[in-house]
Amino acid sequence: RGMVDVVTARVQDMYTGWQPRGPAAAPAVVAAAAPAAANHAVSDSLSSIAMRRMATFQRAQRHQAQQQISRQISDRKLFHIKESQWDALQDTSRRPLMGLACNACSRDARAAAVDLDAKAVSLRNILQEEFASNSTYLTRTFKHLAQVYNVRKFEYPNINEGVLKDERLKEAITLTARDQCNQRGETSDEAHSKLVHQHEMRAKCLLEDMRSKLSDLLLRFTSWVMLKVLPCFLTSVVVHPTQVEMLQKAAKSGLPLIFMPLHRSHLDYILVTFILLNIDVKSPMVASGDNLNIPVFGRLLRGLGAFFIKRRMDPVAGRRDTVYRAVLHTYMMHSLHAGHNLEFFAEGGRTRTGKACMPKGGLLSVIVDAYMDGTVEDALLVPVSLNYEKLVDGNFTREQMGQPKEMESFTSAIRGIWKTLTSSYGSCRIDFNQPFSLQDMIKSFQQSQISHMRRNVLGDDDDEEGHQRSKGKHEKRVLQSTPSSSSLYGTDVVVEEHRQLVESIARHVIHDCTKSTAVMTTNIVSFLLLSSFRDGAPIEEIAIALDSLRKELEWAGRDCGFTGDSIDVINYTAELLGSHLIKREKKIVNGQETVFVEPITGLPNVIELSYYSNGLLSHFAVEAAVATAVISLLGFDPRDSASIPTKVKTLSQKTIVDQTKEVCDILQLEFIFAKACQSLDNIIIEAIQSYIEKGVLQETQELLTEEQEWGHRYARNMDDDNDSDEDFEERPGPEYEVNVNSKECMAALVGRQRLLCPLFDTYTVTAMSLRFLVDQEVTERDLMKKILSAVQDHLSEGFVSCAESVSTDTIKNALKLFERWGVVECHTQDRVKVYYLSSDFDNQDSLVNVLSHIGQFKIDFDEAVVSTQ
Ligand SMILES: CCCCCCCCCCCCCCCC(=O)SCCNC(=O)CCNC(=O)[C@H](O)C(C)(C)COP(=O)(O)OP(=O)(O)OC[C@H]1O[C@@H](n2cnc3c(N)ncnc32)[C@H](O)[C@@H]1OP(=O)(O)O
C-alpha cells in the first residue's frame, strides 16, 4: 500500500505539473513515475492501481475546470479571460476551444463552434467504456455485448432496381450502343437492340460487383469484435465529445452526411464506421478501390458498407467507359436520394509521404451534381482527420525506393492483421470537423465568381454595350442547374466552372483536414530531429527545443494529441518508433553523462522517419516558402557560416511576395498553400509578419496610409491623366531589411528554409533528368528508375543533402508539374505510360531554363556546372 501511495503521489505531482490531456497520456505518465518511486520494485499491478487512482484524480480536475469554464460563460466573460487565468485552466478544457473554433469556415459557424467548445471539457477514449450511474451488474459484466445491443438500428434500403431503371443510365447505354453501331458501320435496328441488351446485362453485372450490402447485424458483430481487438494494439482512440455532439446534431438535420477523411491507414475507415455506429449516427457507404475486393474480406467489407469502384475510371486509355461511369454515377445518386450517408477518400489512396495528397474530383463531382440537379436538397460535408502515433500499415519505404506496391491478397491481409494484433501502436486521434453545407459552399462559390466577373466587367467594359456583352457572356458561363454538367456520364462536356467548383471544394476539405489534424508525439519528435538535430544531441537540449515548438504550435491553434514532459515524450517516441529510426545511447557530453538521441538519417530508414516528420511539414509550408524566397533573393549559402549575402539586403514586400509565389508555384502539388476562398498574397504577408515579429525582417520605411499615398500620387500626377488603378496595385509596399548580422535570426530563417530542401533537391534532379527525354520517348517505369538512381548518385556525391529526397512520390509530383507547365507530355500505350518532351522544350536550351528556374531555390546550385552534366 505504501508503494502504491508513493507511485500515486508522484503521478499526481507530475500530473499537476504536466497538465494532462486525455487518457492517451496516462501510460507515459505512469511509466515516467515508476522510476521515481526509486528503490521500490514497481510491479504492473501497482501501476494499474496507480492508474485507477489517477483516473479519479483526473476526473476531479476536469470537473474543476468544467466549473471554471461554465462560470466564465455564465458571467459572459469567455472572451475576456486574462492570459494568466487562461493558463491556469486545465489544458483539457482549454485546448478543444482552440481546435474546433479554428476549423469552422464561416464566422457564424465559428461562433457556434466556440459555443459548443465551451461545453467541452475533456477528450474521450472510445475504448474506455463509460457506464451510466444506473447501469446494472449484467450490463457491467457483459459491457461490450450491452454496448452493441444498445446501438441504434437503421434501415439500409436496397436501391438496385431503381438504378437499373434510371432514365439516365438507359440513355448512356443507348448512346454507347449507337456509337458502337456507327463505328462498325451497322445500321440495322436489330444490331442496335442486341448491343443495348449486352450493355444492359453488363450494367447489371457492374452494379452487382459495385454495390454495398450494409447489414445492421454484421455491423454490430464487427463492432463487438473491434471492442475486443482494438485495445490489443492501440492504447487509446481519442475523440472529442463536442464533435460527437455536433455530428449527432448534423445527423438529425435529415441531410445526407458525406464524410471525407484524410487517408493514412486501413484503420481509417474501420474507425470512422466504428465510431459512428457507437454514437448512433447512420453508418456510411464507403467508396473502396476494387483492389480490396479480395476473397472473404471483400464480402465482409461489402456488408460493412463498402461499395467497390475501379481506381481508374477508364482503364483503356483514350476510351471512355461510359456505361461504367453511368452505373457509378446513378448508383451514388440513388444512394443519396435513399438517405444513405457516404464516405470517400478524396486523396484516392493512402498518403505515402505523410503529407496530404492532392484531391481527386470524380466522386465529389457526383455529390455536387446530386445537388445541382435537385436529387438532394443539400448535403453536409464532414472533413475528418485521423492521426496515429504509429502507423499500423507498416511503412512505405519499399515503394518510395522504387519497388512496386504489394497487391492486397487474402494471405497478405491475414499476415497484416496478425502482425497488427501482436504489436503496439500507441494512440490514435480522430477529429470530425465542422460539417459544412454543400449548398452554402456552392452559393458562395457562385457569388465569388459573379463578383469576379463584375470586377472584370467594370474594368474592361466601360460602355453600356460592353457591359451587356460581358453580362451575356457571363450568364452563359455561370453554372447551370441541369444535369448537363454531370461529370461522370462522360456524355456531356464538363463546364469549366463545374470542374473548378469541385476542385475548390475538394481542396477546401483537404486543407481543413490538414490544419485540424492533431500533432502526435511521433510527428513532433521526428520533425525536430530531422530539421534541427540531424547529428543528434543530448536529450535535454532536444527537450528545450520541443518545449518551444509545442508552444509555437499551441499559439498557432494546432492541437497536440499528447501531453507530458518533453523528455518523456522523446523517450516514449524513441521506444515506440524503435532503435532503427531513433537511436539513444548514454554518452559523456561536456563532462556529464547524458542520453544522446540521434535520428537515423541513412537510407532506407530515414524515409519512414520523414513520413512522421512530414505530418507537421504542411504547417510550416508558407513560412518555409518565404524563407526559401528570401534566401534566394539574398544570394547566400546558409550552410556556410562565413557566407554573407551577396545580392541585396533590403527587399520590398512585393519582391518577397512575388518570389514566394514562385516557390509556391513549384510546390503546388506538394502543399495546398491557400483555399479558394483565401488570398495567397495575404497568407504570404502574414508569414512575412511572423518574420518581422522574430526580428528576421525589419521594416525600413514607415508605411504610408492609403490616404497619404493617394495624396502623394495626386500631387505627382497633377498633370498626368494616365493615372490608373493598376499602378496603385503595383505599389511595392513596405521595404524590409534582412537582419543578416544576427546569428539567431539567420538560424531561424535557415531553419525554415531547410524544411523544403529535400523537395527542392528532388525537383532539381528531376529537372536535370529531363535530358533523358531529349529526342526520345521513355516509359514511366524506366524514367522513374533513372531519376531515382540519379537522386541516389547525387546523394552520395553530396549535391543532394538529405536521404529523404529519394522519394518516388516527389518525383511523380515533379513530373506532373512539368506536365502542367507544358514541358513534358505523356500518353498511355498498351497500358504503359510513356513520357516525352513537348515540341517547345525538346532542346537543351529550354531545359536549362526550366532547370535554372527550379535551381534558383536550391542551395549551392551552380547552373553552369549542372547544365553541362
Ligand atoms: C463496425 C466497425 C467496422 C467497420 C469497418 C467498415 C469498413 C467499411 C468500408 C471499407 C471501405 C474500404 C475503403 C478503402 C479506401 C480506398 O480504397 S481509397 C481509394 C478509392 N477511393 C477513391 O479513389 C475516391 C477518390 N477518387 C476519385 O474520386 C476518382 O476521381 C475516381 C472516381 C476513382 C476516378 O479516378 P481517375 O480514373 O483517376 O479519374 P479522374 O481524373 O479522377 O477523373 C475521372 C472523371 O471524374 C470527373 N472529374 C474529375 N475531376 C473533376 C472535377 N474537378 N470536376 C468535375 N468532374 C471531375 C470527370 O468526369 C473525370 O473524367 P474526365 O472528364 O476527365 O474524362
Side-chain angles (χ1 to χ4, degrees), residues 126 147-148 151 212-227 229-230 237 259-278 283-294 297-322 324-326 328-329 332 342-351 357-369 372 393 408 479 485-507 509-510 828:
I126 54 161
Q147 194 166 334
V148 295
V151 296
S212 130
K213 294 177 181 166
L214 261 166
S215 144
D216 181 67
L217 193 69
L218 189 59
L219 278 168
R220 281 170 204 254
F221 173 73
T222 320
S223 174
W224 176 78
V225 174
M226 287 300 143
L227 283 167
V229 159
L230 288 175
V237 175
F259 296 96
M260 295 178 67
L262 282 188
H263 200 7
R264 293 188 160 265
S265 158
H266 282 303
L267 255 190
D268 297 346
Y269 44 84
I270 296 179
L271 289 178
V272 171
T273 302
F274 174 67
I275 291 171
L276 294 179
L277 187 81
N278 282 289
S283 299
M285 284 176 27
V286 193
S288 164
D290 56 5
N291 53 317
L292 286 185
N293 195 1
I294 47 179
F297 289 98
R299 284 173 73 97
L300 201 64
L301 292 179
R302 216 185 272 278
L304 295 168
F307 67 97
F308 293 103
I309 59 166
K310 286 192 207 165
R311 298 193 83 148
R312 287 235 142 264
M313 198 68 78
D314 308 304
V316 181
R319 207 184 305 154
R320 271 172 176 266
D321 192 346
T322 313
Y324 179 78
R325 285 169 176 246
L328 175 56
H329 194 121
M332 286 179 68
L342 289 184
E343 176 184 338
F344 61 90
F345 296 91
E347 294 166 284
R350 290 169 296 163
T351 165
C357 309
M358 291 303 127
K360 292 185 159 217
L363 296 192
L364 184 60
S365 75
V366 181
I367 313 279
V368 171
D369 284 346
M372 301 299 280
D393 310 40
E408 287 83 0
L479 281 166
S485 64
S486 301
S487 49
L488 286 184
Y489 283 120
T491 46
D492 303 302
V493 178
V494 177
V495 182
E496 190 47 37
E497 272 90 343
H498 184 260
R499 265 192 187 273
Q500 269 180 29
L501 166 67
V502 172
E503 201 175 311
S504 59
I505 296 176
R507 288 170 66 88
V509 170
I510 301 283
T828 313

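Each ligand, and each atom within it, is numbered from 1 in the order the structure gives.
Between the side chain of R311 and the backbone N or O of G348 there is at least one donor-acceptor pair closer than 3.5 Å. Distance alone, capped at 3.5 Å, is enough to place a donor-acceptor pair between the S504 side chain and the L501 backbone. Within the 3.5 Å criterion, the main-chain N or O of M313 finds no donor-acceptor partner in the side chain of R325. Using modelled atom types, one side-chain atom of R220 and one backbone atom of V148 make a donor-acceptor pair closer than 3.5 Å.
Atoms of ligand 1 lying under 4.0 Å from any heavy atom of A287, numbered from 1 in the order shown and given with element: 13 (C). Each of the following atoms of ligand 1 lies closer than 4.0 Å to a heavy atom of H498: 55 (C). For ligand 1, the atoms closer than 4.0 angstrom to any heavy atom of F345 are 15 (C), 22 (C), 24 (C), 25 (C). Which parts of ligand 1 touch T273 is read off a 4.0 Å heavy-atom cut-off, strictly below it: atoms 4 (C), 6 (C). Ligand-side atoms of ligand 1 in range of G289: 16 (C), 17 (O), 20 (C), range being under 4.0 angstrom from any heavy atom. Annotation for ligand 1: atoms under 4.0 Å from non-hydrogen atoms of R312 are 36 (P), 37 (O), 38 (O). Proximity to H263 (heavy-atom distance under 4.0 Å) selects the following atoms of ligand 1: 15 (C), 18 (S).
Close N/O approach between F344 and ligand 1 is not found [any backbone or side-chain N/O within under 3.5 Å]. Residue contacts with ligand 1: R499 is placed with a nitrogen or oxygen under 3.5 Å of a nitrogen or oxygen of the ligand (distance criterion only). Residue M313 has at least one nitrogen or oxygen atom sitting less than 3.5 Å from a nitrogen or oxygen atom of ligand 1, judged on distance alone. Of the polar atoms of G362, at least one N or O is found under 3.5 Å from an N or O of ligand 1, judged by distance alone. Of the polar atoms of R320, at least one N or O is found under 3.5 Å from an N or O of ligand 1, judged by distance alone.
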Take L364 and F344, measure what side-chain contact (heavy atoms from CB on, under 4.5 Å) needs, and give me the verdict at the end. CA-CA 9 Å; L364 184 60; F344 61 90; 4.0 Å; yes
Derivation of the side-chain contact (heavy atoms from CB on, under 4.5 Å) call for Y269 and L292: CA-CA 13 Å; Y269 44 84; L292 286 185; 3.8 Å; yes
Please assess L300 against T222 for the test side-chain contact (heavy atoms from CB on, under 4.5 Å), listing each intermediate value before the final yes or no. CA-CA 10 Å; L300 201 64; T222 320; 5.6 Å; no
For F259 and T273, run side-chain contact (heavy atoms from CB on, under 4.5 Å): C-alpha distance rounded to whole Å, both residues' side-chain angles, the deciding distance at 0.1 Å, then the answer. CA-CA 10 Å; F259 296 96; T273 302; over 6 Å; no
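When each of L219, V225, L217 is paired with F221, the side chain to side chain contact (heavy atoms under 4.5 Å, CB included) condition holds for V225 and for no other.
Only the side chain of R325 comes within contact range of ligand 1, with a heavy atom under 4.0 Å; no backbone atom does. Residue-level proximity to ligand 1 for L292 is carried by the side chain, the only part with a heavy atom below 4.0 angstrom.
Residue R220 places no heavy atom under 4.0 Å from ligand 1. Between E347 and ligand 1 there is no heavy-atom distance shorter than 4.0 Å.
For F345, the ring pair (Phe, Tyr, Trp, His ring centres under 6.0 Å) partners at least two apart in sequence or on another chain are H263.
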